[in-house]
Amino acid sequence: MFGKCCSNNKNWGFGKQKNMVMECQVIEPTITKCVEEECYHEVPHICPIHTHVIKRDIYNHTYTPQYTCSQENQVVNNDCGSCAKFMN
């Protein structure tokens, strides 16, 4: 049932015990120990944030009058005749 039997009649040095029989080892049922471990993992997350800028160029129109002046020069020739009247 437990495998081969290791039996003999030798004195194994245990004092006055003679005819000691060495039996095979008995393997006991396994004792299972449960060890709980916690493993922490750092999971980086990327959170995209988009900024949209609307730029307005606002033009305030102002009106400033700029005055101009013009001049016209006219020449009037008063012709009293000709030089012929002075020749006589």
Side-chain angles (χ1 to χ4, degrees):
M1 176 174 177
F2 292 107
K4 281 186 175 181
C5 186
C6 303
S7 173
N8 58 27
N9 289 331
K10 292 184 179 176
N11 182 355
W12 291 95
F14 293 107
K16 297 183 179 177
Q17 296 177 354
K18 305 215 184 209
N19 298 334
M20 182 167 139
V21 177
M22 178 77 163
E23 297 290 333
C24 291
Q25 295 177 343
V26 175
I27 298 177
E28 297 288 334
T30 302
I31 298 173
T32 302
K33 293 183 177 183
C34 181
V35 176
E36 293 185 17
E37 291 183 350
E38 293 178 343
C39 296
Y40 292 93
H41 301 274
E42 184 173 319
V43 180
H45 289 258
I46 297 174
C47 302
I49 298 173
H50 175 76
T51 301
H52 179 78
V53 176
I54 298 175
K55 182 180 176 229
R56 288 191 176 97
D57 293 326
I58 300 173
Y59 296 96
N60 290 321
H61 296 273
T62 60
Y63 297 93
T64 304
Q66 292 192 359
Y67 298 100
T68 60
C69 181
S70 63
Q71 179 178 333
E72 183 179 335
N73 294 320
Q74 295 181 351
V75 176
V76 178
N77 289 315
N78 290 324
D79 189 359
C80 298
S82 67
C83 294
K85 68 177 180 175
F86 298 108
M87 294 185 153
N88 292 342

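When a residue number appears, it is its place in the shown sequence, counting from 1.
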Start with the C-alpha distance between K55 and D57, add both sets of side-chain angles, then the distance that settles side chain to side chain contact (heavy atoms under 4.5 Å, CB included), and finish with yes or no. CA-CA 7 Å; K55 182 180 176 229; D57 293 326; 3.4 Å; yes
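Inspection of the Y40 and E42 side chains reveals no N or O donor paired with an N or O acceptor under 3.5 Å.
Contacts of I49 classified as side chain to side chain contact (heavy atoms under 4.5 Å, CB included), with partners at least two apart in sequence or in another chain: none.
Taking NE2 of H52 as the start and NE2 of H50 as the end, the distance is 6.5 Å to the nearest 0.5 Å. In this structure, the separation between CD1 on I27 and CD on Q25 is 7.0 Å, given to the nearest 0.5 Å.
Counting heavy atoms from C-beta outward, V26 and E28 have side chains that approach closer than 4.5 Å.
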